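What follows is a short report on a single structure.
Note that this is a predicted model, so its numbers are computed, not measured. Order of listing sets the numbers, starting from 1, for every ligand and every atom in it.
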Amino acid sequence: MTIVGSAVSRVDGPAKVTGTAVYAADFALADLAHAALVQATVPRGRIHTIHTAEAEAAPGVRAVLTHENTRPLPWAPRDPRPGVDPKAGERLHVLQTDEVFYNGQPVALVVAETYEQACHGALALQFEIERDEGSAVDPEAVEPEAPDDQQSSMGDLDAAMRDAVHSVDVTYTTPGHSSAPMEPHASIADWDGDRLTLRGSYQMLKFNRNELADSLGIDPSNVRILSPYVGGGFGSKLGIAPEAVAAALAARQLGRPVSVAMSRPQVFETTMRRSETRQRVRLAAGGDGRLTGIGHEALVSSLPGEAFSEPVTQATPFMYRGDNRTTGLRIARVNRTCAGSVRAPGEAVGVTAFENAMDEMAEKAGLDPVAFRKINIPAEDPSQHIPFSSHKLAEALDEGARAFGWDKRRAEPRSVRDGEWLVGMGMASAFRVNMVVEAEARVRLNPDGTAEVETDMTDIGTGSYAVLSQIACEMLGLPADRVTTRLGDTELPPGSGSGGSFGASSSGTAVFLACEEIRGRIAEALGCAEGDLTLKDGVAVAGNRATPLAEVLGGRCLEAEGHVEPGETSSAVRQATYGAYFAEVAVNAVTGETRVRRMLGAFAAGRILNRKTARSQFLGGMTWGIGMALTEALLHDPRHGQIVNHDLAEYHVAVNADVPQIDVLLLDERDDWSNPMQTKGLGELGVCGAAAAVTNALYNATGVRVRDYPATLDKVLAGGL
Ligand code: MOS
């Protein structure tokens, strides 16, 4: 019990900071051709003509692929969804149709000897698209659908609102977001007969392999994906993007490996965006501030026929008490880039708006925001009447408040001034569902006392290499330099992939179980029970007998596979993670500019596997929260739906100058229900409500409540600063 839980540095760190880590676009293959995507310029329509001659004649160009000359692909989704427009689901059905469903959709691929020649050739391509005038790009301008499975109600919220001593009925809006990982998406496709190898940058390889195989109409066993290093994903690499299919098509057509590296604008335009949301939050409380009713209804958008919808109310059923509850989600079908998972889908925006409404209610009820939340912590999941697996929101609120110095906050808005700056404090709770998904891993203990961990799990910058090695070290009693972890290759046992904060718990459990089996075999060889066996520093201790591992192994390898999948514990109890954010901001009384002065988060997310990588995840989450609060917004041109701020100059994520000192408190917690390691997922918890702490502080500083994210200075000024 020395390696798991400690602050181990990432084993992949040196390769990354020295530039020797090989990312998708870095693989140098012999005879590699380079290609550039050409994109549609209307939100919906039909390609009328494509003149390829000029592009084909450009220097170095070898081929121009369009729907007119590209090999037809079957359209056989693995999971066909009844009742949806099959055409609109063809996001990955690249270069197959003259139909356009969103502005930025790839309509052609120019293949050349060099990347620059491909980009030049792409500029020379002439095409005309007939716009369908009936297309909609504004979610507020269409009649939304209300899918039945997204509506839920218990008790009578309207009556609770009528009878309430204190009530809040407010609407918040959040803009679209782009994942904006540092590494733009890129794919190198290489065929060997019927077998395709794709070097790409993806988060969930076993799933990505199926997607790619389905798109191409080939058997998944003929697809290998390699993603040894991934420069951030944040959801945009959960599924494959059009460049992967385009690269595979071109490589087959040309009979040589083809690289398709997307430009930054193409990443914004063709990978999934987070939907904008309009959220109505209703809260009803008695005179003592105890909640009697909760309503949370949201409007989101996606392409026609797409199955995903931003799960805005995902955490609402279990956050706070209240017998009368209504949640609902409506979807507006618009011709914008497809909506998908971005950085904690659901809670990132849902908990944020809800925690703003909670701040409004605390003020109405005359209660301190921390105290108000504490009296509304439910004893069990109030929607399903099942117990919580572990629940430390109260501790996070208390310890966070103490460490931050919350007692110095002045409840009256606009009561602290520092020169021309108005200073305020705000807080919010954090909530995120906890999941385990199916995962496999293989562990091999070698006769020389080294071990290998193998799974197609990815490391998207989160620390998978470090954490999985730590688990094997701990279980097998080996020092850190004796364990090698291989990831990011679909030839290895299928891991969980990285998404939904489930990666470390799911893949880690598979490694844990494989190690447990190896330990069992060692115990058997020594004639003791596994529980009586101690493995430490390459020595097996059973009772009063110490045997070097090499002797136990006697020249053999011990190899085992671990397998985990969700079972009863995922429905018998409510599993989630909790936390509390505290922020101090200063708002310029003249310009309305907001600067975050300091921020602190206290989190309870089960057993911590690595204090360093865990802390880094929370620092990252809160950094996203600052951007979400103050600057980040995807902007679509209302005329033709194009994303206008499609690069990191105009799309304002928080940068160093925006981010002050952030402190992270990791609370001690073990969750007996989550998995044998007692961990819970934490990758996304740090962004689930963080923005609300900042905007609640902004309100406390100024008395201005901005309900339309982000809280840019024009809105602060318009609010009556
Ligand atoms: Mo995440 S948005 O599940 O990568």
Take K237 and E183, measure what salt bridge (charged side-chain N to carboxylate O under 4.0 Å, His left out) needs, and give me the verdict at the end. CA-CA 10 Å; K237 296 169 182 171; E183 181 203 15; 3.2 Å; yes

Considering only heavy atoms, does V342 approach ligand 1 within less than 4.0 Å through its side chain, its backbone, both, or neither? backbone

Name the closest protein heavy atom to atom 1 (Mo) of ligand 1, giving the residue it belongs to and the distance to 0.1 Å. E684 OE2, 3.3 Å

Within the 4.0 Å heavy-atom shell around P345, which atoms of ligand 1 are there? 2 (S)

Element-labelled atoms of ligand 1 that are located less than 4.0 Å from some non-hydrogen atom of F234: 2 (S), 4 (O)

State the atoms of ligand 1, each with its element, that fall below the 4.0 Å cut-off from a heavy-atom position in R343. 2 (S)

Counting from 1, what ligand 1 atoms have a heavy atom of S341 closer than 4.0 Å? 2 (S)

Please report whether ligand 1 has a polar contact with G499, defined as an N or O pair separated by less than 3.5 Å (distance criterion only). no

Does F603 have its ring centroid less than 6.0 Å away from the ring centroid of F618? yes

Could you check, using the six-membered ring where one of them is a Trp, whether H296 and F354 have ring centers closer than 6.0 angstrom? yes

Quick check: does G500 get an N/O under 3.5 Å from an N/O on ligand 1? yes

On the six-membered ring of F27, is R199 placed so that its NZ or CZ lies under 6.0 angstrom from the centre and within 45° of the ring axis? yes

Looking only at side-chain N and O atoms, does S501 offer a donor or acceptor that is under 3.5 Å from a partner on N434? no

Pair E297, Q279: side-chain N/O donor-acceptor within cut-off below 3.5 Å: no

Sub-4.0 Å atoms of ligand 1 with respect to non-hydrogen atoms of L238: 1 (Mo), 3 (O), 4 (O)

Residues at least two apart in sequence or cross-chain that pass side chain to side chain contact (heavy atoms under 4.5 Å, CB included) with P710, listed by chain then number, are P175, A633, T712, K715

Nearest non-hydrogen contact with atom 4 (O) of ligand 1 belongs to which option: K237, Q203, R274? Q203

